[in-house]
Amino acid sequence: MLKRKHHYVPVFHLSGFTEDGTNESTLWVLDLKTSRQWNTYPRNIAYEKDFYKVDLPETDPDAVENIFAYLETNVTPIIRRICETREMPSGEDFNWLMNYIALLEVRTPTRRDSFSSFMEDVAKFILKTIFDSEENFKAVRNRMSKEGYEVPDNVTYEELRDFVKGERYAIKFD
């Protein structure tokens with residue numbers, strides 16, 4: 001069954017902030033944007049619907065979510081042991097922990113928005129470079145054609161250049 005609630009802060013991690021340290025207990029949430037606060041279960045917060053869904057042919061839509069689940073399953077006992085012993089792990093456990101911490105940093109909506117914004121700027125810069133001159137445009141067009149890409153010729157260089165310079169478009173990286 002397709003998973004829909006994709007947590008960018010894992011439920012097991014949030015559970016550490018509940019009264020009894022389980023996901024069956026509740027914790028207090030404060031929304032910094034609205035100043036609203038409420039009490040809820042860890043499974044009900046820090047997620048976005050279909051956030052990690054993969055939309056590629058012949059690929060499991062839950063591929064990324066399944067990788068995160070695998071990582072979280074392996075790192076949960078390591079983190080619990082750290083909390084109990086107050087000692088950092090070594091060897092393979094240290095490796096699991098470092099990978100978990102690194103993914104916590106990059107798997108959030110804020111980080112995705114930041115990455116997407118940067119990539120949009122890069123893509124727009126590349127487009128502006130391509131349409132900076134008709135020679136650049138023709139060279140790219142010829143290369144694309146040689147590489148087997150369909151290159152329609154019903155739009156002129158000038159129309160495309162004006163479209164790119166007008167920046168009335170968005171490029172999104174999900």
### Task
Give a yes or no on whether a salt bridge exists between E167 and K128, defined as a side-chain N under 4.0 angstrom from a carboxylate O.
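A salt bridge links E167 with K128.
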### Message
Please determine whether the number of non-hydrogen atoms from other residues, nucleotides or ligands lying under 6.0 Å from atom CG of D20 exceeds 12.
### Response
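Yes, CG of D20 has more than 12 neighbouring heavy atoms, counting only those of other groups under 6.0 Å.
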Path from [X] to [Y] over hydrophobic side-chain contacts below 4.5 Å:
X: I67; Y: L71; value: no
X: V11; Y: F17; value: no
X: F125; Y: F118; value: no
X: V9; Y: W28; value: no
X: L27; Y: Y41; value: no

Give me the atom names and distance for the closest heavy-atom approach of [X] to [Y].
X: S25; Y: P42; answer: O-CD, 3.3 Å
X: P89; Y: D93; answer: CB-CB, 3.6 Å
X: L2; Y: P61; answer: CD1-CB, 3.5 Å
X: P109; Y: E48; answer: CG-OE2, 3.2 Å
X: I78; Y: W96; answer: CD1-CB, 3.6 Å
X: V54; Y: A63; answer: CG2-CB, 4.2 Å

Can you confirm whether [X] sits close enough to [Y] that some side-chain heavy atom of one is under 4.5 Å from a side-chain heavy atom of the other?
X: D60; Y: N66; result: yes
X: I171; Y: L127; result: yes
X: H6; Y: D62; result: yes
X: I79; Y: L97; result: yes

### Task
List the steps and the verdict of side chain to side chain contact (heavy atoms under 4.5 Å, CB included) for R43 and E24.
CA-CA 9 Å; R43 66 182 166 270; E24 296 306 317; 4.0 Å; yes
### Query
Would L30 and R36 satisfy side chain to side chain contact (heavy atoms under 4.5 Å, CB included), going step by step from the backbone distance to the final call?
CA-CA 6 Å; L30 169 64; R36 186 174 153 249; over 6 Å; no
### Message
To the closest 0.5 Å, what do you measure between OG (S114) and CE (M119)?
### Response
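That separation rounds to 12.0 Å.
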### Message
Return the CD to CG distance between E134 and L160, rounded to the nearest 0.5 Å.
### Response
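One finds 11.0 Å between CD of E134 and CG of L160.
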### Query
Is it the case that T156 and E159 place a side-chain donor and acceptor less than 3.5 Å from each other?
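A pair is found: one side chain offers a donor N or O, the other an acceptor, under 3.5 Å apart.
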### Query
Any side-chain donor paired with an acceptor under 3.5 Å for Y52 and R107?
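There is such a pair between these side chains.
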#### Entry: Candidate pair F131 and K165, rule side chain to side chain contact (heavy atoms under 4.5 Å, CB included), full reasoning
CA-CA 9 Å; F131 290 99; K165 284 185 178 182; over 6 Å; no
Under the 3.5 angstrom rule, does the side chain of [X] hit a backbone N or O of [Y] as a donor-acceptor pair?
X: N136; Y: T129; value: yes
X: Q37; Y: V29; value: no
X: T73; Y: A69; value: yes
X: T18; Y: T22; value: yes
X: T59; Y: P57; value: yes
X: D50; Y: K53; value: no
X: N74; Y: Y70; value: yes
X: S117; Y: D113; value: no

### Message
Among K5, R4, K3, which residue satisfies the side chain to side chain contact (heavy atoms under 4.5 Å, CB included) criterion with E65?
### Response
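Of all the options given, the one that passes is K3.
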### Task
Dump the intermediate steps for side chain to side chain contact (heavy atoms under 4.5 Å, CB included) on I45 and W38, then the final yes or no.
CA-CA 11 Å; I45 59 169; W38 65 97; 4.3 Å; yes
### Message
Is the positively charged end of K124 above the ring of Y169, judged by distance under 6.0 angstrom from the centroid and angle within 45° of the axis?
### Response
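Judged by the rule, K124 and Y169 form a cation-pi pair.
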#### Entry: R112 charged N/C atom sitting above F115 aromatic ring, 6.0 Å / 45°
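No; the conditions do not both hold, so R112 does not lie above the ring face of F115.
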I'd like a table of donor-acceptor pairs (distance under 3.5 Å, sequence neighbours excluded) in which one partner is a side-chain atom from residues 137-151, with atom names and distances.
| residue | atom | partner | partner atom | Å |
| --- | --- | --- | --- | --- |
| R141 | NH1 | P152 | O | 3.3 |
| R141 | NH2 | P152 | O | 3.1 |
| N142 | ND2 | K138 | O | 3.3 |

### Query
Would you call the rings of Y47 and H7 parallel, tilted or perpendicular if under 30° counts as parallel and over 60° as perpendicular?
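Ring orientation of Y47 relative to H7: tilted.
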### Task
For the pair Y100 and F12, name the ring-plane relationship: parallel under 30°, tilted 30 to 60°, perpendicular over 60°.
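Answer is tilted, since the angle falls between 30° and 60°.
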